[in-house]
J.: 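Submitted below is the structure of interest, expressed as structure tokens.
Chain identifiers are assigned alphabetically (A, B, ...) following the order of the sequence lines, protein sequences preceding nucleic acid strands; residue numbering begins at 1 within each chain. Keep in mind that this is a model prediction, so the values were computed, not measured.
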2 protein chains.
Amino acid sequence: MNRAQPKQFREQIRILERKLGLLKKNNGSCCAEVLTLAQCHALVEIGRVETISLKDLSVILAIDMSTTSRTVDGLVKKGYVQRIPSLEDRRSVNISLTESGIIIFETIESNNNAFFAGIFTNIPNDEKMNVLHALDVILAAFDQDN
Amino acid sequence: MNRAQPKQFREQIRILERKLGLLKKNNGSCCAEVLTLAQCHALVEIGRVETISLKDLSVILAIDMSTTSRTVDGLVKKGYVQRIPSLEDRRSVNISLTESGIIIFETIESNNNAFFAGIFTNIPNDEKMNVLHALDVILAAFDQDN
DNA sequence: AAACAATAGTTGTTACTTGCAATTAAAATG
DNA sequence: CATTTTAATTGCAAGTAACAACTATTGTTT
């Protein structure tokens with residue numbers, strides 16, 4: 001057993017985390033002119049599922065419902081999201097993107113895809129498959145830990 | 001060229017990012033009873049370099065000097081960090097851990113190492129080297145993008 | 001069916017994090 | 001020696017977030 005490997009692993013993840021944190025701020029792919037970061041995250045998740053309850057959205061975003069509610073408030077005020085009361089359960093609201101919300105969503109998705117495509121081209125061709133596989137292994141390792 | 005690969009890559013990073021975000025909150029390795037998250041990050045960086053200026057710390061943490069100054073304030077109030085005016089440059093302060101700060105630092109480091117060692121054991125033995133290599137490749141790809 | 005418990009959502013309050021601008025003091029530069 | 005740059009701090013404003021309390025439904029239990 002190599003005792004250094006887990007530490008190396010920790011260090012790599014740590015550095016990656018910091019790089020990702022920087023990106024979130026600096027690469028303009030979150031439409032910072034019109035959205036805050038939290039709003040960007042919420043909007044992307046709503047756009048992906050098309051319609052979702054506040055509860056489910058809070059689970060996906062891993063933030064409290066109160067925070068989620070206020071984040072959605074902001075998106076509604078800006079006209080990117082609508083709240084439609086559910087007919088099946090009158091406690092619940094169906095949250096979805098408006099037309100202008102969809103435009104923003106698609107902008108963010110394409111910016112983001114372009115950004116990661118750029119990073120990905122920096123990976124040597126004979127490593128690409130390997131990297132994708134390794135990431136799957138890493139994600140599985142995290143999942144396994146519950 | 002596989003058009004799906006960059007998107008897969010983006011998605012994997014996205015999921016990893018979210019998992020890491022959750023961890024930061026939920027695995028207790030940041031001494032949440034006594035430290036806020038920002039304080040934990042700062043304390044770890046200070047502990048690693050032993051002594052550092054506020055300026056350099058703000059560069060490492062990638063946050064504004066004003067924010068860094070206030071984060072250090074909190075650590076000083078709690079008795080984990082000391083500010084010692086530099087003798088070479090009287091504008092500058094040398095920031096370092098106190099004895100109780102070192103104890104917290106070592107606790108965090110060992111908690112964190114244990115946590116990542118746990119994740120790492122979930123990776124099949126014949127994949128371990130591969131994963132470490134792939135992470136290096138990924139980090140290099142991010143660096144290359146400036 | 002009435003009483004009780006659980007769930008979805010909102011609002012009040014509080015705390016933490018952060019950045020920008022202005023200020024002070026001390027180098028560094030010309 | 002005057003000017004500019006740098007290190008650090010403080011005032012201010014905004015964003016992010018959780019917890020507690022509350023309303024309105026829905027589900028469950030007796």
J.: Which distance, rounded to the nearest 0.5 Å, do you find between the CG of B:N112 and the CD1 of A:I13?
T.: 11.5 Å
J.: With the threshold set at 4.0 Å, does a side-chain nitrogen-carboxylate oxygen contact exist between A:R48 and B:E11?
T.: yes
J.: Between B:A62 and A:L22, what is the shortest heavy-atom contact and its length?
T.: CB-CD2, 3.4 Å
J.: Between C1' on C:dG9 and CD1 on A:I95, what's the gap in Å once rounded to a whole number?
T.: 9 Å
J.: Please list, in 5' to 3' order, the outermost nucleotides of DNA chain D lying under 4.0 Å from any heavy atom of chain B.
T.: D:dT6 to D:dA18
J.: Would you say the SG of B:C40 sits less than 2.5 Å from the SG of B:C30?
T.: yes
J.: If I take atom CD in residue A:E88 and atom C1' in nucleotide C:dT7, what distance separates them, rounded to the nearest angstrom?
T.: 16 Å
J.: Mind calculating the distance between CE (B:M65) and P (C:dT24) to the nearest angstrom?
T.: 17 Å
J.: Without decimals, in angstroms, what is the distance between A:D64 CG and C:dT14 C1'?
T.: 14 Å
J.: Starting the side chain at C-beta, find the nucleotide from C:dA26, C:dA21, C:dT18 nearest to B:A38.
T.: C:dT18
J.: Pick the nucleotide of DNA chain D nearest each of A:A62 and B:R70; which residue has the one closer to the 5' end?
T.: B:R70
J.: On the nucleotide C:dT17, are OP1 or OP2 found under 4.0 Å from the side-chain N or O atoms that B:T36 carries?
T.: yes
J.: Could you tell me the separation between the CG atom of B:L37 and the P atom of C:dA15, rounded to a whole number of Å?
T.: 18 Å
J.: I need the CG-C1' distance between B:D73 and C:dT17, as an integer number of Å.
T.: 14 Å
J.: Whether A:S53 contacts C:dA8 is assessed here as follows: a side-chain N or O lying under 4.0 Å from the phosphate OP1 or OP2. Is that the case?
T.: no
J.: Can you tell me if A:S92 touches the phosphate of C:dG9, counting only side-chain N or O atoms and a distance under 4.0 Å to OP1 or OP2?
T.: yes
J.: Check whether more than 12 heavy atoms from other residues, nucleotides or ligands sit under 6.0 Å from atom NZ of A:K78, and answer yes or no.
T.: yes
J.: Take atom CZ of B:R91 and atom P of C:dA28, then tell me their distance rounded to the nearest Å.
T.: 6 Å
J.: In terms of relative ring orientation, are A:F9 and B:F120 parallel, tilted or perpendicular, with 30° and 60° separating the classes?
T.: tilted
J.: Tell me yes or no: between the side chains of A:Q82 and A:T98, is some donor less than 3.5 Å from an acceptor?
T.: no
J.: Please state how far atom NZ in B:K77 lies from atom C1' in C:dC16, giving the value in whole angstrom units.
T.: 13 Å
J.: Can you find a side chain N or O atom of B:R90 that sits less than 4.0 Å from OP1 or OP2 on C:dA27?
T.: yes
